[in-house]
Amino acid sequence: MDNELNELYQQVILDHNKNPRNFGTLDHCTHEAEGFNPLCGDKFDVQMEIDGNVIKKIMFNGSGCAISKASASIMTTIIEGKTVEEAEKYFEIFHDLITSAPDAEIDEDALGKIAVLAGVREYPSRIKCANLAWHTMHNAIIENHDTITTDK
Ligand code: FES
């Protein structure tokens with residue numbers, strides 16, 4: 001990834017960490033899950049209001065490092081308003097990106113906002129941080145109420 005793009009992506013991540021979107025709790029929640037990173041003890045809850053097949057609202061709360069918080073915030077801005085199937089598709093796209101080689105080409109059009117997380121691939125120890133809220137969102141959708149840990 002070129003330096004200019006990397007810098008731009010870093011700014012977006014810093015912004016989402018400083019001003020996380022959809023941070024808090026929902027008054028009316030139909031689906032929720034808890035995610036935990038045992039390596040550091042960081043924890044996020046993801047709550048959703050799903051009406052029919054549409055994720056009308058999504059919020060997250062808890063505490064985590066800058067990458068985990070920014071990734072959670074970005075995830076909520078992507079998922080809100082999408083259908084459950086679309087959310088699961090984005091989860092797959094995110095997963096494929098984060099597990100790809102650090103120097104693999106990225107298709108910004110296909111990735112959309114997820115592309116800003118591409119830089120995390122260069123820091124294997126931070127991949128679990130970026131994963132945390134995404135896996136938690138997936139668990140909330142499939143109604144798995146076991147705490148998801150980044151070891152799984
Ligand atoms: Fe805990 Fe990143 S250091 S989630």
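Whatever order the structure lists ligands and atoms in, that order sets their numbers, starting from 1.
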- Below 4.0 angstrom, N of the basic side chain to O of the carboxylate: do Asp27 and Lys57 qualify? no

- Item | Environment of atom 2 (Fe) of ligand 1 in terms of protein N/O/S atoms, cut-off under 2.8 Å | Cys65 SG, Cys129 SG

- Item | Test item: side-chain donor near acceptor, Thr147 and Glu34, under 3.5 Å | yes

- Query: Can a donor-acceptor pair be found between the side chains of His138 and Glu88 at a distance below 3.5 Å?
  - Reply: yes

- Query: CD1/Ile114 to CD1/Ile74 distance, rounded to the nearest 0.5 angstrom?
  - Reply: 9.5 Å

- Less than 6.0 Å separating the ring centroids of Trp134 and Phe94? yes

- Message: On the six-membered ring of Phe23, is Lys69 placed so that its NZ or CZ lies under 6.0 angstrom from the centre and within 45° of the ring axis?
- Response: yes

